[in-house]
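Single-structure report; data block below.
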There are 2 protein chains.
Amino acid sequence: MPPRSYVSPARSAATAETRERVIEAASRTLREGESIARFSLDTVAKAAGVTRLTVYNQFGSRRGLLEAVFDEIARHGGLHQLADAMTMADPRAALDRMVEIFCAFWSRDSAVGRLHDAMATDPEFAEAVRERNERRRRGVTGLIDRIAAKQASPQARKDAVDLIFALTSYPTFASLSAAGRSRDEVCRVVQTACHAALQPLTLSNPSS
Amino acid sequence: MPPRSYVSPARSAATAETRERVIEAASRTLREGESIARFSLDTVAKAAGVTRLTVYNQFGSRRGLLEAVFDEIARHGGLHQLADAMTMADPRAALDRMVEIFCAFWSRDSAVGRLHDAMATDPEFAEAVRERNERRRRGVTGLIDRIAAKQASPQARKDAVDLIFALTSYPTFASLSAAGRSRDEVCRVVQTACHAALQPLTLSNPSS
DNA sequence: AGATTGAATATACATTATGTATATCTAATT
DNA sequence: AATTAGATATACATAATGTATATTCAATCT
């Protein structure tokens, strides 16, 4: 006799609520903790009012939980505004807006810093985060293609893309923030640096 | 009766040799390992042909060993050339040279990447590395002071210093390298970006 | 109403690390 | 010959991830 399986609205809702509570507890723990080293599933489970095994049930592993937290932060981090930014008529203005959006994203929730720390100890999680960052790279590439003069070399374009990609990364944001800047001040510095990175693409004489 | 203590040349030499062997084994393990997570004192001790307790005897802790490895790499990483670079007549040429020296340093031994990963899980080790990086910041600050026009605002100077500090950091080097560049190509990109960062310091009209 | 299902729990265990404590061994030195 | 310091042997405490098994309990199906 085949087992009769069913879907339960009330059950699913309860499960989803548990998931949310655990993710919330995890990001809070990341935010308030001193270091990713102290981030344990035990702590998270207790903070969420569930058992450690429930965390495993829901997320499979520590890595699974971290990925879920990252995605949750991304969902509420304002990255959806990128779509609008990319369709702006002026690609330079779009780039400025993109920098704004990412500075806001990196600064919104300090848990993202801890998640970047987690990349150091978990190569597969690092890969997952890098994949999510590829969207940013594609965005930059698209803008550079619109900004670059026709005679700009592929190498010059690649240089600009990679440099701007690095300038808009979390580590750069963190480094500039650590030097005692507000989010808006960091944003301004990064924007200026990105403008400078565009220079070689528009000069009519690209002789080095 | 007070214990009669003594220094032993042969003993000291043997100890120093042990220390060196452990540090060598540790940096090799860092270089060859996939992740800092797999870096354990057990592994290092076995690779060095000593006991784990000997490592504790010599370095006190995992952190102590990591710091010793970092210092060893720094000692042989060519950073001593910085002294000459800083005394160059042309501060812009000095900055170019500085970028060269650091690109060489970051790329010389892949263990430095793993040591930067270790910063994520050990706040005190991170602090120790940051202190060692402060030398780079001071170098940049000195050069900027020589390059900046008199009318350049303190804010513009600080912007340039912090940006160049970020551009010459390991994370930036790693990001540009990951995009498929040789050490020299990364060096060229960083140098160009640093030149651009100097622009606002020399324009006679620094109106924002 | 009674059987069944699935999420959450309880309990236990294996494994891997760091770090501490104590006693012993051994070669260098007095 | 006694002593000293570095290295070792052995044991233990603690914390963390991950797996396994059985159980509780409310929601759902027949």
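What you see below is based on every heavy atom in this structure, not just the backbone, and it leaves out hydrogens, waters and symmetry mates. Reminder, nothing fancy here: chain letters follow the sequence lines and each chain counts from 1. Worth saying up front: this structure is predicted, and the values here are computed from it rather than measured.
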Quick one: does any side-chain atom of B/Ser107 pair with a main-chain N or O of B/Cys103 as donor and acceptor, under 3.5 Å?
yes

Which is more 5' along DNA chain C, the nucleotide nearest B/Ala10 or the one nearest B/Arg62? Just name the residue.
B/Arg62

Please tell me whether A/Asp109 and A/His76 have a donor and an acceptor in their side chains that are separated by less than 3.5 angstrom.
no

Inspect the contact between B/Arg188 and B/Glu185 and indicate whether a charged nitrogen and a carboxylate oxygen are less than 4.0 angstrom apart.
no

Say whether, by atom type as modelled, one donor and one acceptor occur between the side chain of B/Arg183 and the main chain of B/Ser177 under 3.5 angstrom.
no

Could you tell me whether the phosphate oxygens of D/dA5, OP1 or OP2, come under 4.0 Å of any side-chain nitrogen or oxygen in B/Arg11?
no

Both A/Thr43 and A/Gly60 contact DNA chain D. Which one's nearest nucleotide lies toward the 5' end?
A/Thr43

Between B/Arg132 and B/Asp71, is the closest basic N to carboxylate O distance under 4.0 Å?
yes

Taking CZ from B/Arg63 and C1' from C/dA17, how many angstroms apart are they, rounded to a whole number?
15 Å

Going by number, which of residues 16-41 of chain A have a non-hydrogen atom under 4.0 Å from DNA chain C?
A/Thr18

Start with the C-alpha distance between B/Glu134 and B/Arg130, add both sets of side-chain angles, then the distance that settles salt bridge (charged side-chain N to carboxylate O under 4.0 Å, His left out), and finish with yes or no.
CA-CA 6 Å; B/Glu134 277 309 301; B/Arg130 271 194 290 270; over 6 Å; no

Test: side chain to side chain donor-acceptor pair (under 3.5 Å). Region: residues 38-49 of chain A. Which pairs qualify, not counting sequence neighbours?
A/Ser40-A/Thr43

If you take any heavy atom closer than 4.0 Å to DNA chain C, which residues from residues 46-56 of chain B end up in contact?
B/Arg52, B/Leu53, B/Tyr56

B/Phe59 CZ to C/dT18 P, in whole Å, measures 14 Å

How long is the gap from OG on B/Ser175 to CZ on B/Arg181, to the nearest 0.5 Å?
9.0 Å

Nearest to the side chain of B/Thr15, which nucleotide is it out of C/dT9, D/dG6, D/dT28?
D/dG6

Measure the distance from CG on A/Asp42 to P on C/dT9 and round it to the nearest whole Å.
13 Å

